[in-house]
Undergrad: 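One structure is given below, represented as structure tokens, and several questions about it will come after.
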Amino acid sequence: MAQPLVKKDDDRDDEAEYSPFLGIEKGAVLQEARVFNDPQLDPRRCSQVITKLLYLLNQGETFTKIEATEVFFAVTKLFQSKDVGLRRMVYLMIKELSPSADEVIIVTSSLMKDMNSKTDMYRANAIRVLCRITDGTLLTQIERYLKQAIVDKNPVVASAALVSGIHLLQTNPEIVKRWSNEVQEAVQSRAALVQFHALALLHQIRQNDRLAVSKLVTSLTRGTVRSPLAQCLLIRYTSQVIRESATNTQGGDRPFYDFLESCLRHKAEMVIFEAARAITELSAVTSRELTPAITVLQLFLSSSKPVLRFAAVRTLNKVAMTHPMAVTNCNIDMESLISDQNRSIATLAITTLLKTGNESSVDRLMKQITNFMSDIADEFKIVVVEAIRSLCLKFPLKYRSLMNFLSNILREEGGFEYKKAIVDSIVILIRDIPDAKENGLLHLCEFIEDCEFTYLSTQILHFLGIEGPKTSDPSKYIRYIYNRVHLENATVRAAAVSTLAKFGAMVDALKPRIFVLLRRCLFDSDDEVRDRATLYINTLGGDGEVVETEKDVKDFLFGDFDIPLVNLETSLKNYEPSEQPFDINFVPREVKSHTLAEKKAPGKKPTGLGAPPTAPTSTLDAYETLLSSIPEFSSFGKLFKSSAPVELTEAETEYAVNVVKHIFDRHVVFQYNCTNTIPEQLLENVTVIVDASDAEEFSEVISKPLRSLPYDSPGHAFVAFEKPDGVPAVGKFSNMLRFIVKEVDPATGEAEEDGVEDEYQLEDLEVVAADYMIKVGVSNFRNAWESLGPDCERVDEYGLGPRESLAEAVNAVINLLGMQPCEGTEVVPSNSRSHTCLLSGVYIGNVKVLVRLQFGIDGPKEVAMKLAVRSDDESVSDAIHEIVASG
Amino acid sequence: MILALLFANAEGNILIERFSGVPAEERLHWRSFLVKLGADNLKGMKNEELLVASHKSVYIVYTVLGDVSVYVVGKDEYDELALSEVIFAITSAVKDVCGKPPTERLFLDKYGKICLCLDEIVWKGLLENTEKDRIRRLVRLKPPTEF
């Protein structure tokens, strides 16, 4: 494989093995193509020349427009020959040349003649060629023939027309869509391939019409489909229909599940597999639905065909992410795949096992993986490393063997991405498993002794600086760090100096010795290294002067850089050099709201190193990150729910304030998002004074003011309340904004020294029962209802009094409870006298709740309601009734 | 969509390549990627034993037949199982044309016929025919026997 891209032309000496294309050269072949113009055509010779042309084209050789057009015209002359073999070659040649030649339309009349030929095979081929060269106008002319061809008795002609249709649909959809009657007929064909092609085309024609696709699927799943390929298509279309109808079905079993399940007993393996995969991909699939699919996939794992093994293990690997327990039965078969010579299969098997394995099998698995790692490529290794990381977090007691494994592979050869994945994993394990810390740090230290990647060295040094001083014997890391100052490039040396300083600041006993080391760095050849050494010696007081308090030093060395780098960058760009120095305090601390929206995009996998924390994957995550960065709230536990922002001011007022309610088990935090819309004002010390006299169960614990609120740069103030544990306390809060206002000179942007205290009345805010409920839907309400059981069911009836309409009453109850309507039951058909609405949610304390509401309305618009609640906890079922009773 | 169909000899030189829906600038990358994949994995494999790989949503099924290696790349509905159907049609047709798993010389001798077979099996990225007997008749412009 020395030169994989060299063309095959002159590589063998052995005469018996010489290539028929030895010494082939484009110019010469084009000369030879002149035989096509001979008055007495030699079909054999012509076929040979065409073969040579094909050989050139198939190797990626390109013809210029002139060359292609010349050959194309010559080839069209060959239509004069009656030789069948040559005609077949001509069809192929025209197709190959048509994209690059001009005036290809010239061949139309010859092809039209063939298309009406008595010889079926001429017709089939002519259709395929015509569709390659046709444009909209020509297509209208030949449309009649194509429609006939679709229902032709000869399956080759029909397939040619149908596959042409699939291609033409891209360029001339409006014409092809007119063929649906014929295509519909072809779907019923007895010829397997015709059925396959027809189904594919029919689906493409109707793909934007949900109802039509649903009808197509319904009729075909009842009938018989002969071709396994067509059956596979049908399964895919069926899954699509299931997906799209998931929210509209009225309870009961999942539609079409029986069809999918019956396909598991089909005689063709590809159909069985397709059905199994479709079942595993159903949304909110239950284990009862999953079992038969997993069973057939398990059988495929020991198939003699590698493709089936691969397909099965790939699917099971996906299932293991969401339903690991369902896959554990396959573990034995999966283990034998670790030695599969197809490495893709082996890697998938390993990563699946790592997801499904139990604690006792970890050691055995690690032994098997060790042998396997040496002969797979880096990209597979990264997948394995990531799987091991998750396994270790799942079974923290096994950290020792997993950490050893990671450190061993860290010493072996590997590219940057692979090494980074390992280092990230070790860092995450150190952070999450306290026992693993010292061991892990030493592994990292050993790694940087011989690390060729500057990025990784600096990141590890940074991490060592934070974690190392907190260990039982910090001094043992110093050697590794100081070695960097001698042996590495300037970037790493500078990072090492910072790390040394951190040890000095945190560990008093080491301080004098750290000073000795830092002083040596004063003679470094690099400016940055010297500057850092000087800076740290000064801040730490190494020159004998006490210039900073200990707290300041630590803040300086370890403090979070609480300014978003984007904001800092923007401010620096906007700063114009002047007498006034750049003041970092004027850089906005808040991330602009659009970045919050960006964070909703799927986040990257957590990276262990590097300053930015994991990108939150949802608004809740973003809020959680924000709240957890505030030390006062760190003891509140896990955030249960954050409400949508509630506006507390009218639009276009001087100060725009909205509030987000964050619900914790024992606390509620109000996050007031404030914006100052007056350019001439700077607000400072912005607090929200909350009067909770109408919310008896709440008592204020913390009020966190906003230090400064410049014009058009939003900021947050927080007020936290304590409430009884787990109780859905409700109440009304009145809010007043209090702040110091300073005049700003619009010309210079400078604020006056002195300010005036002022207040601004905000709207009231309510905490309601719905705030303690998260909307979480279920795909099959009846199954979910049955599985919760009647033990904690509470049923009662309520009169809702006179209402506008049934729909209005239904909406009011849904909003009161704050639950997710299921299966489209929130929609009330007009004029109906009764309605059932199904709701689902998770109540504070993470209790799953299902609600069945039955409404009835009588003549004077009096609405009555029967409320049935099921949950895992009867007190929660009661609480839901209380909400309705008091609402 | 069947994105690529590629034949190479034992040294990794390209014998046939057909792309569909792959931009010209990406073809070189695919060519070298597939040939390297074969070099890494096909050594010592039995004739027609399939190997599989996948990268994101693209699947690759490849095998060796006599002196030549065959690669098929697909995406969407052409997953590993559909591709194994395609590659089976291809290897059967090539064996049929050559009478046995071909040496490189035999493959090149039958080059024109093989191109015609491929034209019947895959048409611009879609699978058209799968049975070797039918394909043998179609390349001679004879209607299929069942008709």
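A quick note: this is a predicted structure, and the numbers were derived from the prediction, not measured. Protein chains get the first letters and strands the later ones, always in sequence-line order, with residue 1 at the start of each.
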Undergrad: Could you measure the distance from the CG atom of B:L127 to the CZ atom of A:F196? Nearest 0.5 Å is fine.
TA: 5.5 Å
Undergrad: For B:E80 and A:V307, which heavy atoms make the closest approach, and how far apart are they?
TA: O-CG1, 3.4 Å
Undergrad: Is any side-chain heavy atom of B:R137 closer than 4.5 Å to a side-chain heavy atom of A:M121?
TA: no
Undergrad: As an exercise, state the distance from CG of A:L193 to OG1 of B:T130, rounded to the nearest 0.5 Å.
TA: 4.5 Å
Undergrad: Select one option (side chain, backbone, both, neither) describing which atoms of A:Q48 are under 4.5 Å from chain B's heavy atoms.
TA: neither
Undergrad: Heavy-atom pairs under 4.5 Å with chain A: which of B:E85, B:R27, B:R134 has the most?
TA: B:R134
Undergrad: Where is the tightest heavy-atom contact between B:L50 and A:N342, given as atom of each residue plus distance?
TA: O-ND2, 4.3 Å
Undergrad: For the candidates A:V156, A:L348, A:N125, which exhibits the highest count of non-hydrogen atom pairs separated by less than 4.5 Å from chain B?
TA: A:V156
Undergrad: Which one of B:R18, B:E128, B:E77 has the most heavy-atom pairs closer than 4.5 Å to chain A?
TA: B:E128
Undergrad: Any side-chain heavy atom of A:Y55 sitting closer than 4.5 Å to one from B:L108?
TA: yes
Undergrad: Examine whether an atom of A:I166 lies under 4.5 Å from a heavy atom of chain B, and if so say whether it belongs to the side chain, the backbone or both; otherwise answer neither.
TA: side chain
Undergrad: Can you measure from OG (A:S344) to CD1 (B:I60) and round to the nearest 0.5 angstrom?
TA: 8.5 Å
Undergrad: Minimum heavy-atom separation for B:W123 and A:S164, please, with both atom names.
TA: CH2-OG, 3.1 Å
Undergrad: Check step by step if side chain to side chain contact (heavy atoms under 4.5 Å, CB included) holds for B:Y111 and A:K52.
TA: CA-CA 9 Å; B:Y111 197 85; A:K52 286 184 185 172; over 6 Å; no
Undergrad: Are any non-hydrogen side-chain atoms of A:R128 and B:E120 less than 4.5 angstrom apart?
TA: yes
Undergrad: In Å and rounded to the nearest 0.5 Å, what is the SG to CG distance from B:C115 to A:L57?
TA: 9.5 Å
Undergrad: From A:K95 NZ over to B:D119 CG, what is the distance, rounded to the nearest 0.5 angstrom?
TA: 3.5 Å
Undergrad: If you count every heavy atom of other residues, nucleotides or ligands that lies below 6.0 Å from B:K142 atom NZ, does the total exceed 12?
TA: no
Undergrad: Near B:F88 CZ, under 6.0 Å, is it more than 12 heavy atoms from other residues, nucleotides or ligands?
TA: no
Undergrad: Please report the C-alpha distance between B:E49 and A:K305 in whole Å, then the side-chain angles of each, then the deciding distance to 0.1 Å, and finally whether the salt bridge (Lys or Arg N to Asp or Glu O under 4.0 Å) criterion is met.
TA: CA-CA 8 Å; B:E49 179 148 351; A:K305 298 179 185 168; over 6 Å; no
Undergrad: Looking at B:A8, B:G125, B:S54, which makes the most heavy-atom pairs under 4.5 Å with chain A?
TA: B:S54
Undergrad: Side chain, backbone, both or neither: which part of B:L138 has a non-hydrogen atom closer than 4.5 Å to chain A?
TA: both
Undergrad: Which heavy-atom pair separates A:R236 from B:D76 by the least distance, and what is that distance?
TA: NH1-O, 3.7 Å
Undergrad: Would you mind checking which part of A:A160 comes under 4.5 Å of any heavy atom in chain B, side chain (CB onward), backbone (N, CA, C, O), both or neither?
TA: both
Undergrad: Chain A heavy atoms under 4.5 Å from B:F107: which part of the residue, side chain, backbone, both or neither?
TA: neither
Undergrad: Report the option among B:N129, B:L83, B:L126 that has the most heavy-atom pairs separated by less than 4.5 Å from atoms of chain A.
TA: B:L126
Undergrad: Any heavy-atom pair between the side chains of B:P143 and A:N154 that's under 4.5 Å?
TA: yes
Undergrad: Any chance you could measure A:Q59, atom CD, to B:F7, atom CZ, to the nearest 0.5 Å?
TA: 13.0 Å
Undergrad: Answer yes or no: is there a side-chain heavy-atom contact under 4.5 Å between B:D79 and A:R277?
TA: yes
Undergrad: Using a 4.5 Å cut-off on heavy atoms from C-beta on, say whether the side chain of A:M89 contacts that of B:L116.
TA: yes
Undergrad: Among the options A:L229, A:I50, A:T51, pick out the one with the most heavy-atom pairs lying under 4.5 Å from chain B.
TA: A:T51
Undergrad: State, with a plain yes or no, whether a side-chain heavy atom of A:Q341 is found less than 4.5 Å away from one of B:M45.
TA: yes
Undergrad: Looking at chain B, which one of A:M270, A:R309, A:H197, A:R314 has the largest number of heavy-atom pairs inside 4.5 Å, strictly under?
TA: A:R314
Undergrad: Any side-chain heavy atom of B:L15 sitting closer than 4.5 Å to one from A:N58?
TA: no
